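Quick caveat: nothing in here was measured; it's all calculated off a predicted structure. Here is the naming used below: chain letters follow the sequence lines, and residue numbers restart at 1 for every chain.
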There are 2 protein chains.
Amino acid sequence: MKRPSFRQQMLLAREQAIVACVNRLLSEKGYDQMTVDEVAAEVGIAKASLYKHFPSKEALAAAAMIHVLDRALGYVKNLLTEKRKPSEQLHKLVGWVMLQSLEGEMPSLPAQNSALRETLGANRDYMDKLMELSEYLGNWITSAQKAKELNPKLPPEVVLYTLFARACDPVLQVLKMGGQYSNEQICDYLLTTCFEGLRY
Amino acid sequence: MKRPSFRQQMLLAREQAIVACVNRLLSEKGYDQMTVDEVAAEVGIAKASLYKHFPSKEALAAAAMIHVLDRALGYVKNLLTEKRKPSEQLHKLVGWVMLQSLEGEMPSLPAQNSALRETLGANRDYMDKLMELSEYLGNWITSAQKAKELNPKLPPEVVLYTLFARACDPVLQVLKMGGQYSNEQICDYLLTTCFEGLRY
DNA sequence: GTCTATATAGCGATAGAC
DNA sequence: GTCTATCGCTATATAGAC
């Protein structure tokens, strides 16, 4: 009985290829500009086959988001093994996500598309992982605020949303397209504006 | 010969109504989710009539952007009559734009839609006004950096893009939808994160 | 310039053979 | 599960009467 297992592996591999492709396209062109035909073409299968794996375009986006949440959670758990100040953990995490964005590995969905938001909100897997990540970050944030590493006057949720937003800031792409800074340099600048602000 | 002038005024008023409507819809739903049918319906004219005024959906977006650039330039010129430190001028301007965003008066276009970006780039009026605004801001930025009011280690263009991005930050809408802070409070928080950073 | 009605096209999703 | 072919809808844009 080797064949079924083998086939399952093939399927899994194919789905991973699909998710990787969606990831890149979402990062490059965004949700609205990405077409399902395009995804199928780049993966190298027919569109109907794609729909056997994922029931809708929104499901494709959800799978991509779940994938990045998994990677982010993995990075966070690695950070936890190293002993650092909470603000430094946050700093490292945001820097890592910024680099992912610059390398086209970080999809970002439009905040304004309500239909998509509903689909994501109804997705258990996605919501669970988003919650889990938010709790890790929330703990770091409140700890950092108690230790006066981060501004304690800001509500923790404001800090949380700000970190999420800065990690996929459009300024990253703009500076990258300008072409005069390395990815590391861009991350450096934006980490400065995020944590230190523009003020001297 | 009163009639032609009168009619022209009617036309102008209608176009202003169109632009105002596009402004609001772009702010609420974004470019991709906004439909031309919707614009026509809300203005109260037929879609074909709309196309007599503006040749395309992209032209509608361009008109909306030009309108907000005009308003921003007006605000900037007003600021110039008051004597303030450059960093304070920037602070006031960003705060004003943030408030406009929260009140649904500030359209923001997707940075990823390349066709739209080309159309805007080819639009003289838009580009001229964008340049003019950028020059005012650029002067304030370099002055503020020389006076050590803003971080001089950041390239001025990084500061410029950051200010543009923070002025229509998605975090604004997220916090507004949360519903637990007033618009003024939200602006206050985000101005803090922008200029002072998250660090204490 | 305004309208109704329609052309045109792109895209998400599906049918049905293999 | 994979394919080809197609449906069905939506949205931009236009034709043509008034």
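Rounded to whole Å, the distance from CZ on B:Phe54 to P on C:dG1 is 12 Å. If you take NZ of B:Lys57 and P of C:dA9, they are 19 Å apart, rounded to a whole angstrom. Rounded to whole angstrom, the span from the OH atom of A:Tyr51 across to the P atom of C:dA13 amounts to 4 Å. Note: CG (B:Leu25) to C1' (D:dA11) measures 15 Å, nearest angstrom. Protein atom CG of A:Leu50 is 15 Å distant from nucleotide atom P of C:dC11, rounded to whole Å. Atom-to-atom, CG of A:Asn113 to C1' of D:dT10 comes out at 15 Å; the value is rounded to the nearest Å. For the pair A:Glu38 CD and C:dG10 P, the computed distance is 14 Å after rounding to whole Å. Atom-to-atom, NZ of B:Lys47 to P of C:dT8 comes out at 15 Å; the value is rounded to the nearest Å.
At least one donor-acceptor pair under 3.5 Å links the side chain of A:Gln89 to the backbone N or O of A:Leu79.
Side chain of A:Asp37, nearest nucleotide from D:dT12, C:dC11, D:dT2: C:dC11. Counting only heavy atoms from C-beta on, B:Ala46 has its side chain closest to C:dC3 among C:dC3, C:dT2, D:dT14. Nearest nucleotide to the B:Val36 side chain, out of D:dT12, C:dT2, D:dC3: D:dT12. You'll find that the side chain of A:Ala48 is closest to D:dC3, out of C:dA13, D:dG1, D:dC3. Taking every side-chain heavy atom of A:Thr35 into account, C:dC11 is the closest of C:dA15, D:dG1, C:dC11.
Nearest-nucleotide assignment on DNA chain C puts the 5′-proximal partner with B:Ser49, out of B:Ser49 and A:Gln33.
Using a 4.0 Å heavy-atom criterion, one finds that A:Met10 contacts no nucleic acid atom at all.
A cation-pi arrangement is absent between A:Lys92 and A:Tyr75 under the rule of less than 6.0 angstrom and at most 45 degrees off the ring axis. Judged by a 6.0 Å distance limit and a 45° cone about the ring axis, A:Lys153 is not positioned over the six-membered ring of B:Tyr200.
Listed pair B:Arg14 / C:dT2 meets the phosphate criterion, a side-chain N or O lying under 4.0 Å from OP1 or OP2.
In terms of heavy-atom proximity, A:Leu50 sits nearest to A:Ala40 at CD2-N, 4.0 Å.
Ring pair A:Phe195/A:His91 is tilted by interplanar angle, where 30° to 60° counts as tilted.
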